[in-house]
Each structure stands twice: as C-alpha cells, then as structure tokens.
Amino acid sequence: MARHNGTRGWYGKVVGAALGVTMLAVGASLWTAQADTAGGPAPKPATSSVKPVDVTIAHSSDRGARGVNITIDDGPDPTWTPQVLSVLKEYGVKATFCMVGTQAQAHPDLVKQVVAAGHRLCDHTVSHDTAMDKKPVSYQSRQILDAERMITQASGGVRPMYYRAPGGAFTPASRKLAASRGMRPLGWNVDTKDFERPGTDAIVSTVERELPNGPTLLFHDAGGDRSQTVEALRRVLPELKQQGYSFGFPVR
C-alpha cells in the first residue's frame, strides 16, 4: 500500500489549523484522559455493545466477483464532499467514506449527509499520521478511538464500520483494536493517485488498468483541489456499470 507522504502538505496545514480543536477533543475524551503523548497507558473505549469483526485487512466486495467498492478518503470537505455526493447520487452508487476525525468534527452536517444518503463510514484516524505504525501502541489507540468517537458524534450516533490506516500504516495492534470495536480493517486494490492531481484522464486510466488487481478503489474528497476526482468519478461510474460491474461495500 502506498504511503502518501510528500504530497500531504495539506495535512500539515489542517493539523496546524485544527491543533486547538484536536487538543480540546483529546483532552475531553474519556478514553484518553489518563494517557500521555509519549506513550502512556492505552485508552479504554467507552462501554457499548459492539460486535467484533475479522481482524484481517478487507479488500473484497460484498457484491462478489463483479463488485466494485468506491472508497473516498480524508474528508469531509465543505467544497468537495457535496460534489462527490452529487455524482454518486446521479449514478445510484453507494460508497465508503474514510473520514479524518478533525474533519468530521468540523463538518458534522456533511457527515450526516453522507449517512443519510446511504453511504458507510470509516475511521481514518484523528490526524492522518502516515507514520503512526512507528509510534507507540498507546498513540495508535488514541488516534483510532478518538476518531471513532468524533465521527460517531458528528454522524448523530452512527458508528464507523471500517478502519483504514493512513497510507496503509496498519499494525497488528491497530488492526486488533479496530476489529474489537466492530471496524473491519480496510485496504485498497487500486490507488488512483488522484491526490497528486495527475489529470482526469490519468485517474480514469489508472482505474481501467488496475481494476483487475481487485475491487476496492481509492479516491479522495479532501486534501486540495479535487475537481479531477469529481470528473473522474463522473466518467468511471457509468463506464463500470456498462461493463457489467455493480457497486457494493467492502466485506465485513
């Protein structure tokens, strides 16, 4: 799985701009009150009835061999998420939105729109740290559990069904924790590289070329200008339908 490091300058700005919000959220969390950044005790999730799921990283579609999973990362974003939602609605496609905790907290109306449209939620951590697999387990736990809380609160009570590590930075501990919270670790098969803004034609060509690798496609609705992503989806979705593919969700 690719690591999107050099192209993620936007996250530095987001984290910098949202630092106060993040610190308040973390400080307020019952899960993290006793943990320190350097490696205090792992946070304990709030008690709730959640059913554990498979700890392995999911790639398959619940629609079978001709199924395709559209996954949208890093939002929600007030400019691009509504446009992505509009295209998905136009073609009757449901997707999985992998949300960053601070973004969900900042735009709860958009989280609710995603849920109301029948899409699924995915925990993409609090701050999108692509090096989190190199950090202490307590840090990984806070990133996952606090994002779960932020997204659930923003949605009005709908919990994330998946966990996607930023840049694919999964660890055995993070996968186990997510699965214990009912969030199936979620990978991808086709990285469209849309975050690099290579042009709409290039994004579409990547999908066409790499779809035989597997059904889970990775797009983005935040992190910069996503006009190319919107246009690529407008082309890819009807093309795949014409080829006999159906759109579903990652297996759980």
Side-chain angles (χ1 to χ4, degrees), residues 1-2 4 53-54 56-77 80-99 111 113-124 158 160-168 170 178 183-223 226-252:
M1 295 181 182
H4 308 153
V53 293
D54 197 315
T56 60
I57 299 173
H59 294 90
S60 302
S61 174
D62 63 5
R63 290 299 183 94
R66 297 292 288 178
V68 172
N69 306 321
I70 301 297
T71 65
I72 313 292
D73 281 23
D74 301 354
D77 178 272
W80 303 111
T81 302
Q83 295 186 47
V84 169
L85 286 172
S86 178
V87 174
L88 293 172
K89 181 179 180 180
E90 180 179 354
Y91 294 104
V93 173
K94 304 304 181 186
T96 301
F97 283 76
C98 300
M99 296 185 174
V111 182
Q113 287 180 38
V114 167
V115 171
H119 305 292
R120 289 184 179 179
L121 301 176
C122 172
D123 180 331
H124 204 31
V158 178
M161 298 179 70
Y162 306 92
Y163 163 64
R164 174 173 276 168
F170 288 102
M183 298 183 291
R184 179 73 184 267
L186 177 58
W188 62 82
N189 304 107
V190 180
D191 184 351
T192 65
K193 304 290 186 182
D194 62 333
F195 63 92
E196 295 179 349
R197 286 178 281 179
T200 299
D201 289 344
I203 296 171
V204 173
S205 294
T206 297
V207 173
E208 295 172 342
R209 182 179 65 254
E210 297 188 11
L211 187 56
N213 294 338
T216 301
L217 280 56
L218 171 60
F219 295 92
H220 296 80
D221 63 345
R226 294 291 164 240
S227 56
Q228 294 178 9
T229 299
V230 173
E231 291 309 309
L233 285 168
R234 200 181 302 279
R235 287 171 51 181
V236 164
L237 300 183
E239 285 181 10
L240 292 178
K241 281 193 171 184
Q242 290 172 5
Q243 294 170 23
Y245 289 97
S246 60
F247 296 92
F249 294 110
V251 296
R252 289 190 17 99

Between the side chains of D194 and H220, is a donor N or O closer than 3.5 angstrom to an acceptor N or O?
yes

Would you please test Y162 and M183 for side-chain contact (heavy atoms from CB on, under 4.5 Å) and show each step?
CA-CA 4 Å; Y162 306 92; M183 298 183 291; 5.5 Å; no

Nearest heavy atoms of Y163 and A178, plus distance in Å
CB-CB, 3.5 Å

Side-chain touch I57/F170, heavy atoms, less than 4.5 angstrom:
yes

From T216 atom OG1 to D191 atom CG, the distance as rounded to the nearest 0.5 Å:
12.0 Å

Mind checking whether F219 and V207 have side chains closer than 4.5 Å, heavy atoms only?
yes

For R197, side-chain contact (heavy atoms from CB on, under 4.5 Å) partners two or more places apart
D225, R226, Q228

Side chains of H119 and I72: closer than 4.5 Å at any heavy-atom pair?
no

Any side-chain heavy atom of C98 within less than 4.5 Å of one from L186?
yes

Would you name the heavy atoms of P76 and V111 that are closest together and state the gap between them?
CG-CG2, 3.9 Å

When you compare the side chain of Q113 with that of T81, does any pair of heavy atoms fall below 4.5 Å?
no

Answer yes or no: is there a donor N or O on one side and an acceptor on the other, between the side chain of K241 and the main chain of Y91, under 3.5 Å?
yes

Nearest 0.5 Å please: distance from the CG atom of L218 over to the CZ atom of R164.
5.0 Å

I'd like to check the side-chain hydrogen bond (donor to acceptor under 3.5 Å, both in side chains) partners of D54; sequence neighbours left out, ordered by chain and number.
T56

Contact summary for E210 and N189, nearest pair of heavy atoms
OE1-O, 4.3 Å

Do W80 and S227 have side chains that get closer than 4.5 Å, going by heavy atoms?
yes

Qualifying residue, where the test is side chain to side chain contact (heavy atoms under 4.5 Å, CB included) with F97 and the options are D221, D73, V115, T71
D221

Tightest non-hydrogen contact, residues G67 and P215, listed as O-CB, 3.1 Å

Between R235 and D201, is there a side-chain N and carboxylate O pair less than 4.0 Å apart?
yes

For L211 and Y245: C-alpha separation, side-chain torsions, deciding distance, then whether side-chain contact (heavy atoms from CB on, under 4.5 Å) applies.
CA-CA 11 Å; L211 187 56; Y245 289 97; 3.6 Å; yes

K94 and G118 have their tightest heavy-atom pair at CD-O, 3.8 Å

So which atom in A95 and which in L88 form the shortest heavy-atom distance, rounded to 0.1 Å?
CB-CD1, 3.8 Å

Are any of the side-chain heavy atoms of L233 and I203 separated by less than 4.5 Å?
no

I'd like to check the side-chain hydrogen bond (donor to acceptor under 3.5 Å, both in side chains) partners of R252; sequence neighbours left out, ordered by chain and number.
none

Do the non-hydrogen side-chain atoms of P250 and T96 ever get within less than 4.5 Å of each other?
yes

